Amino acid sequence: MVDFTQQAFNGDSLSLEREVSVTSNNNRVILDSKELNASSGPFNLCCGEAYARFSELKRQKVHPAKMTKERDAVESCSADVYKGMQSNCVTQFEAVISCLSDNPKEWAKCAVLRRELDVCAVKNKLGEIAKLG
C-alpha cells in the first residue's frame, strides 16, 4: 500500500495511478456536526490514504465528475470507521462528544479524550488500517 499521507508530508507529489477499490457506495452514514467533529481524528488516522488521494485531486482542480471513485472511497472508509467506533469505541466516542459540547470554546480540554478515541480506533484496526495486516 502506498503511503499517500507520508508522501504529502514529505512534499512529494502523489501518485494517483493506482485504482481505488470501493466495495459499496451504499455504505453511507449521515452524521450531525457533533458526531462529525468527534470523528475527525479517527477519520484522518484510519482513512488517510483515501483522504490524501481525494485532497490531491481537489488540489489539482480535477472536475468532480472525474473523482467519483475517490469520493466513494472517502465515504465508504469514513462509514466503516464510524460503524466500527459504534461497535468498539462507543464509550470513548460519546465522551468526546460530551466534552466538546461542554467546552465549545475550549477544545483543548478534550485532547486526552480525543486521543483515547484515536487509540481505540487504531487498536481495533478500523478503516484502511485493517488492510495493513
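Remember, it's a predicted structure, so these values are computed and weren't measured experimentally.
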Below 4.5 Å, heavy atoms only, C-beta onward: do [X] and [Y] meet side chain to side chain?
X    : Y    : result
L100 : R114 : yes
L126 : D80  : no
W107 : N37  : yes
K125 : L132 : no
K58  : M67  : yes

Where is the tightest heavy-atom contact between [X] and [Y], given as atom of each residue plus distance?
X   : Y   : result
C46 : V81 : CB-CG2, 3.6 Å
M85 : S39 : CE-OG, 3.4 Å
Y51 : S78 : OH-OG, 2.8 Å
V29 : A79 : CG2-CA, 4.1 Å

Give me each pair satisfying salt bridge (charged side-chain N to carboxylate O under 4.0 Å, His left out) with a member in residues 30-46, each pair once, sequence neighbours excluded. none
Is the closest basic N to carboxylate O distance between K131 and E128 below 4.0 Å? no
So, are E56 and R53 salt-bridged, with charged N and O less than 4.0 Å apart? no
Hits for side-chain contact (heavy atoms from CB on, under 4.5 Å) against Q86, two or more places apart or cross-chain, chain-then-number order -> Y82, V90, F93
Per the side chain to side chain contact (heavy atoms under 4.5 Å, CB included) rule, which among N103, L117, V96 passes with C110? N103
Please round to the nearest 0.5 Å and tell me the distance separating atom [atom1] of [X] and atom [atom2] of [Y].
X    : Y   : atom1 : atom2 : answer
L57  : K66 : CG    : NZ    : 11.0 Å
I129 : L45 : CD1   : CG    : 6.5 Å
L113 : S98 : CG    : OG    : 8.5 Å

Step by step, work out the disulfide bond (SG atoms under 2.5 Å apart) result for C77 and C47. CA-CA 6 Å; C77 185; C47 300; 2.1 Å; yes
Do L31 and F54 sit in one hydrophobic cluster, given that two such residues count as connected whenever their side-chain heavy atoms are within less than 4.5 Å of each other, even indirectly? yes
Measure from the side-chain N and O atoms of Q92 to the backbone N and O of C120, and report whether any donor-acceptor pair falls under 3.5 Å. no
If we ignore hydrogens and angles and just use 3.5 Å, is the side chain of S76 paired with the main-chain N or O of D72 as donor and acceptor? no
